[in-house]
2 protein chains.
Amino acid sequence: MARQKSETGPVRRGRPPAYDAETALKRATETFWRTGYSGTSLDKVAAATGMSPPSLYAVFGNKHALYLEALARYWGISLAATREALAGDHPLDEALMLAYDAALSIYFSGKGTARGCFVVGTAVTEVAEDPAIRNSVAAGLRAIDADFEARFRLAQDRGELTPDADPAALAILAAATMQTIAIRARAGARRAELRELAQKAVRVICGCRPEPRQGTTHA
Amino acid sequence: MARQKSETGPVRRGRPPAYDAETALKRATETFWRTGYSGTSLDKVAAATGMSPPSLYAVFGNKHALYLEALARYWGISLAATREALAGDHPLDEALMLAYDAALSIYFSGKGTARGCFVVGTAVTEVAEDPAIRNSVAAGLRAIDADFEARFRLAQDRGELTPDADPAALAILAAATMQTIAIRARAGARRAELRELAQKAVRVICGCRPEPRQGTTHA
DNA sequence: GTATATTTGTATAGATCGTTATAAAAATCA
DNA sequence: TGATTTTTATAACGATCTATACAAATATAC
């Protein structure tokens, strides 16, 4: 009934599971990613994972719980990629481009046409009527804002931004840029075009720089 | 079989239709708006419009064609609202806020929780696998970019922006701001909060202003 | 070996999906 | 009035949906 941990305890009784829950969740995510939550049947998920419907239900509960788990998994991967890009010692504009390049790698992953962001492409539709999905999406969006804002505050402390720059406002624009890239990628924009878009956005966002060659201290 | 024009020709034969096609399309749009394309059954559309399924098929063809018509109708209303906001004689920052206020009025229209943008909330999910929806969405996104860019070029000509400002880059950020507002509205953000978000974005976007009190001519 | 525990595949239940056949209802034309 | 035209409502078609009942299969425990 329940899912066995990957690190098996003392001994495993009964017939051993034929599929790994983590890879099954990944395959399920890929399927939802293409056709959305409502547009994806459990038969399609079963075909993608190689698991039978009863096995899917035994491991994940039901379709809704499976999607929520896929959503949580995606948030984990996506937020970690953004944080890693912003955490390095690169200058602000380079750090932002690393974050957008990481996002583009996710949005253009998989075979066939680009799927964009899993959240923007599938969860946003359900968010209007589904409280659990709404909570997950709202929390993730807040996390993105907070990650960008923290990086802009750091940039301000380092003198990469003028003291009158508004880190919260810049974070909103940085997050908005990521989301418009997600939408456009799914709508068919080419990757190179979206990278240029990101560069243009970064140029404006980082426009609040101190005067060049005027000393490193601010104020 | 086909739809009769509102302006009746010489005389109308046969039983008169009980429902107006335009109001039916509006009601159908409201229904798709909440639960998406795949998540909305034709029975729900029939209940919302008061029409029976055969009548819906007689007027609109099928579910897909009905959704496409709802999408085209929404683009018309949405793009017109943005253009009207940007067309006035207001200063750049006021014009942008008029556009965002118009968008917020749409995103928070209807009863119950906010539905956000019809395109972002329902079409983006389908865009990955549906060529017709993809074409409509891609064209609409290009139109938004073009409308904003035209306004920024005008602002530059008027001296509201410095000559080195990049109208295309600012247009991307302006469009991205509208789309992040759409996402956040559907995810439950309060309207006042999103209006402040818009103001912060406008402040950054309009930051490439000429020096104040330094003459109105540029260069 | 026998008993117990767990997963598997098959098959399907019950509801809902998009769509349509059919005929009654309501108008005009002759 | 009766014939024609168009829309309506009822009913249902076959397909697909989420979810589960069931028994065979495969492991350990004794």
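Every chain is numbered from 1, with letters handed out A, B, ... down the list of sequences.
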**OP:** Output, in order, the C-alpha distance, side-chain angles, deciding distance and verdict of salt bridge (Lys or Arg N to Asp or Glu O under 4.0 Å) for A:Arg134 and A:Glu129.
**Re:** CA-CA 8 Å; A:Arg134 164 177 293 222; A:Glu129 296 276 85; over 6 Å; no
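- Whole-Å rounding puts the B:Asn62 CG to C:dT20 P distance at 8 Å.
- Taking atom NZ of residue B:Lys63 and atom P of nucleotide D:dA15, one finds them 19 Å apart after rounding to whole Å.
- Proximity of A:Ser55 to the phosphate of C:dT8: a side-chain N or O atom is located under 4.0 Å from OP1 or OP2.
- Side-chain atoms of B:Arg184 and A:Gln179, non-hydrogen and from C-beta on, do get closer than 4.5 Å to each other.
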**OP:** Any chance you could lay out the side chain to side chain contact (heavy atoms under 4.5 Å, CB included) test for A:Phe60 and A:Leu25, step after step, and finish with the verdict?
**Re:** CA-CA 9 Å; A:Phe60 298 105; A:Leu25 182 57; 4.2 Å; yes
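- A cation-pi arrangement, defined by a distance under 6.0 Å to the six-membered ring centre and an angle within 45 degrees of its axis, is present between B:Lys63 and B:Tyr37.
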**OP:** Can you check each nucleotide of nucleotides 20-30 of chain D against protein heavy atoms at under 4.0 Å and return B for base, S for sugar-phosphate only, - for none, in 5' to 3' order?
**Re:** BB---BBBBS-
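- Atom C1' of nucleotide C:dT8 and atom CE of A:Met51 are separated by 10 Å, given to the nearest angstrom.
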Subject >> Worked verdict on A:Arg153 versus A:Glu149 for salt bridge (Lys or Arg N to Asp or Glu O under 4.0 Å) >> reply: CA-CA 6 Å; A:Arg153 290 199 188 284; A:Glu149 184 171 339; 2.6 Å; yes
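- Contact check of residues 34-42 of chain B against DNA chain C (heavy atom, cut-off under 4.0 Å) returns B:Thr40, B:Ser41, B:Leu42.
- Ring centroid separation for the pair B:Trp33 and B:Tyr74 comes in under the 6.0 Å cut-off.
- Within 6.0 Å of NZ in B:Lys26 there are 12 or fewer heavy atoms belonging to other residues, nucleotides or ligands.
- At a cut-off of 3.5 Å, with distance as the only test, no side-chain donor of B:Thr40 or B:Thr31 sits close to an acceptor on the other residue.
- The 5' end of DNA chain C is approached more closely, in terms of each residue's nearest nucleotide, by A:Ala18 than by the other of B:Lys44 and A:Ala18.
- Among D:dA9, C:dG9, D:dC17, the nucleotide with an atom closest to any side-chain atom of A:Asp43 is D:dC17.
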Subject >> Derivation of the side chain to side chain contact (heavy atoms under 4.5 Å, CB included) call for A:Val120 and A:Arg186 >> reply: CA-CA 9 Å; A:Val120 171; A:Arg186 194 171 176 93; over 6 Å; no
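- B:Tyr67 and B:Phe118 have their aromatic ring centers within a separation under 6.0 angstrom.
- Residue B:Pro53 is tested with B:Val45, B:Asp43, B:Leu42 for a side-chain contact (heavy atoms from CB on, under 4.5 Å); the sole match is B:Asp43.
- Distance B:Phe60 CZ to C:dG18 C1': 16 Å, rounded to the nearest Å.
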Any protein N or O atoms within reach of nucleotides 12-15 of chain C? Criterion: under 3.5 Å, listing atom names and distances.
none

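- As a whole-Å value, the separation of A:Leu66 CG from D:dT18 C1' is 13 Å.
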